[in-house]
Amino acid sequence: MKEFLQTIKQFKNVFFITFMGILCHSSLSAQTMENPIIISFEPINSVVKQGSKSALILKFKVPLGYWLGSNDRSARNPAPTIIEIDPINGFIFEEPLFPKTVARGVPVHKGYSYIFDGEVNVVIPFKTLKSLNDGSYKITSKITYTPGLNAGQLRTQIKESYSATVFINNNTNILQTEIPNPYIGKVPDDFFVKQVPLDLDEPMKTLLYSWREDTPVPQFLHWLWIDPDNHGKHVQTAWVPFLGNTENNGFTYGASIALFNLTPESIMTGLIQIRALHNELFGTNFALEVVSCPAAYFNYWFSGELSTNGENKQIHFHLENFTLGKENRFGYELQLDIFKDPRYRFYGIGAATKEEDKTLYTHSETGIILDFYWLPADHWRFSVGGKVRSVAVNDGASSQRGVDIFTTSETGIGGKFENVAGIKGATVYGERFSVIYDGRNSEFMPTDGFYGKVTAEYNQITDQVKTSSVSISNYGKFYIDFRNYISTADQKFTLLIRNTWNFTTSKYAPFFDQGNIGGDFSNRGFDKGRFYGQHSFFASMELRYQVFQMDMLGTPMIIELAPFLDVGQVFNSVGFNGRFNVNPGMSMRLLNKPNVGIVTAFAFGQDGITLTGGVQLPF
């Protein structure tokens, strides 16, 4: 997954959020989208006598296929249901009485989640004091709850307010009321979340066109997105202008047309996007991107690019499916990369490289990684697989000749890169074995749980042009990735602590397959591949804060701000031999739970401020 996500270009959609904000429409909200769970709050008796007991009933009507978080405050899939009653003089409210939860299996053997579904009736007993005056009293409940699906939770509703009125009358004949038991009832067979069409005026109605589902285009797209029969989804159009500018990739501007695959509750499960861009390094560029998440732990991503001058050619494809075999005990993951990119930078090997060491080259690669998985027990995955990487290093973008130093000019005798392994190209074949423990509450947007992955590789080198007197034909690699997510019950705050290590058994392995630092999923204070070395270390602490919720193009979105601190560096047997990078920064995350997000981050590094981000399946 990491390799697939890193192929998304850094320049892409850096200012995407700004432009998407222009497309927001204040009248797009609808109850079925914003609040899929219907809630009612009422007393069991409208009239109550002083000094007596009674109760209130809080009813959650959960649509079919949805989950409601339990009342256990440690629950995170979905997050817990918390009921708070505003205090009133003369009333004594007891703790809410919840019905018994039900156990539901989480896909691909992620264990069980104890949740509510159906019609959930919660009882809140209370007692009135004898000194209470006659009259009407407004009782207000503040409810924090999270709707969810088996693929992950949706956005949390925080302290949503519901009120009921109780009349106190000393002359009522009702002296004491039997307190009912909490229970779960059934909802009607047709109680589903239903689509609310966008009600827009021209020209927005045309720009954000909703396709009729009985026409050929949506029918073809649903086939492409691998949607099942009776999927209930619809196709929504969006036009997206954007600008991007990073040191490595240059200034880019352009626009795209995107077709989103939306469920009735406006959860995005797929998209197809056609882009036309102009980049200052290689000119006009056309691109196609297709993404689909037809089921939990079954998704694919395709991206193709071609510049008119032929210097930029890219095909990237990733497919993950952990739903094979009896009881979904098997799966596979495929990553295919065939590309030629004239914007790659190389600074040399080691932690001591500086900004003035920067050179430019065209990175051409044909690569494939294929892993087969076995899921023997809850949370555990084991995989065996292999990889091939065939890399060539050529002159950089022709527009930069005479402007930038080309890496290839420093690879000959006397050049500063003459002894760098793989600098003139190489092919690597490898076998892999991985052990994964996945205790997260969601694959793409987790807020709780631990994830750990350990991968061991044995690689063989072929077709390498020797650049020094010392060369090797094989080497080993070890990769360790630990992540721990901790969140508050209302999901306003999520703390992510991450640590990765990359060990290579020989410093003479091709540079492109050694440890590296920089980019979206490494130290964000630097562009991708800023540092290369035999080993690498990376650690990060990020505090994600949910600023507000909004509806964008009729789609529920969450806006998060996330200050972070990234640290890390490459190293070898003698240590870091240079500056250990400590880079603070800020990330902005625009999320459509539980699948798709737009992430932009800026961080301060020794080379200046670095912007990263794009349309991603956020970690």
Side-chain angles (χ1 to χ4, degrees), residues 1 3-5 7-8 64-66 105-110 148-152 154 192-193 195 210-238 256-275 287-304 315-338 368-373 375 381 383 385 442-445 555 592-597 615-618:
M1 178 62 72
E3 293 87 349
F4 136 64
L5 291 173
T7 58
I8 301 174
L64 294 170
Y66 272 70
V106 182
V108 298
H109 307 287
K110 294 288 293 295
L149 305 166
N150 65 3
L154 307 181
F192 295 97
V193 174
Q195 177 189 351
S210 293
W211 293 76
R212 286 177 47 193
E213 286 299 306
D214 58 353
T215 56
V217 171
Q219 292 174 354
F220 168 75
L221 291 177
H222 290 305
W223 171 82
L224 184 66
W225 288 322
I226 321 179
D227 287 328
D229 295 336
N230 302 318
H231 51 76
K233 301 176 184 178
H234 62 282
V235 179
Q236 176 75 50
T237 307
S256 69
I257 179 173
L259 300 178
F260 299 129
N261 192 22
L262 301 175
T263 66
E265 56 272 46
S266 294
I267 296 172
M268 191 185 305
T269 64
L271 68 84
I272 181 169
Q273 183 174 211
I274 300 173
R275 303 191 305 271
L288 171 68
E289 186 172 36
V290 184
V291 179
S292 183
C293 303
Y297 293 88
F298 177 24
N299 58 79
Y300 74 83
W301 174 82
F302 170 85
S303 176
I315 293 177
H316 303 282
F317 179 71
H318 176 269
L319 173 62
E320 173 189 85
N321 189 353
F322 295 157
T323 63
L324 302 179
K326 186 178 180 180
E327 298 181 346
N328 298 335
R329 291 292 180 184
F330 300 95
Y332 64 91
E333 187 172 9
L334 171 67
Q335 172 72 36
L336 175 66
D337 299 291
I338 304 173
I368 184 171
I369 299 175
L370 178 60
D371 292 317
F372 296 97
Y373 285 86
L375 293 74
R381 301 199 292 268
S383 75
S442 174
E443 180 181 17
F444 297 136
M445 298 188 189
T555 301
N592 174 237
K593 288 190 173 185
N595 293 328
V596 180
V615 177
Q616 301 173 351
L617 306 176

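Reckoned from all heavy atoms, side chains included, excluding hydrogens, waters and symmetry mates. Along the sequence shown, the residues carry numbers beginning at 1.
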Which atom pair, heavy atoms only, marks the closest approach of H234 to H222?
N-CE1, 4.5 Å

Measure the shortest side-chain to side-chain distance between L259 and W211 over non-hydrogen atoms and say whether it is less than 4.5 angstrom.
yes

Residue pair I338 / F317, side-chain heavy-atom distance below 4.5 Å
no

Residue set satisfying ring-ring contact (aromatic ring centres under 6.0 Å, His included) with F302, at least two apart, ordered chain then number -> none

Does a side-chain heavy-atom distance below 4.5 Å link Y332 with L319?
yes

Under 4.5 Å between any side-chain heavy atoms of Y297 and K110, yes or no?
yes

Measuring from atom OH of Y66 to atom CG of N150, what distance do you get when rounded to the nearest 0.5 angstrom?
11.5 Å

Begin from the C-alpha positions of L288 and Q273 and carry the test side-chain contact (heavy atoms from CB on, under 4.5 Å) through to its verdict.
CA-CA 6 Å; L288 171 68; Q273 183 174 211; over 6 Å; no

Do the side chain of R275 and the main chain of S256 share a donor and acceptor less than 3.5 angstrom apart?
no

Distance col, row D337:CG vs H318:NE2, nearest 0.5 angstrom, shows 10.0 Å

Could you pull out the closest heavy-atom pair between Q236 and L262, with the gap in Å?
CB-CD1, 3.7 Å

Do W225 and V235 touch side chain to side chain, with heavy atoms closer than 4.5 Å?
yes

Are L334 and Y300 packed together at the side-chain level, in the sense that at least one heavy-atom pair is separated by less than 4.5 angstrom?
no

Quick one: do L221 and I272 satisfy side-chain contact (heavy atoms from CB on, under 4.5 Å)? Show the steps, please.
CA-CA 8 Å; L221 291 177; I272 181 169; 4.0 Å; yes

For K233 and H231, which heavy atoms make the closest approach, and how far apart are they?
N-ND1, 2.8 Å

Side chains of V290 and W301: does their closest heavy-atom pair fall under 4.5 Å?
no

Determine, stepwise, if the pair F322 / F298 fulfils ring pair (Phe, Tyr, Trp, His ring centres under 6.0 Å).
CA-CA 6 Å; F322 295 157; F298 177 24; over 10 Å; no

If I compare all heavy atoms of P218 with all of R212, which pair ends up nearest, and what's the gap?
CG-O, 3.2 Å

So how far is it from C293 SG to I267 CD1, rounded to the nearest 0.5 Å?
11.5 Å

Please lay out, stage by stage, how E289 and S303 fare under the test side-chain hydrogen bond (donor to acceptor under 3.5 Å, both in side chains).
CA-CA 4 Å; E289 186 172 36; S303 176; 5.0 Å; no

If you take all heavy atoms of G385 and D371, which pair is closest and at what distance?
CA-OD1, 3.5 Å

In chain order, what residues pass the side chain to side chain donor-acceptor pair (under 3.5 Å) check against T263, with sequence neighbours excluded?
E265

Check: E443 and N299 side chains under 4.5 Å, non-hydrogen atoms:
yes

Apply side-chain contact (heavy atoms from CB on, under 4.5 Å) to D227 and N261, showing your working.
CA-CA 10 Å; D227 287 328; N261 192 22; 2.9 Å; yes

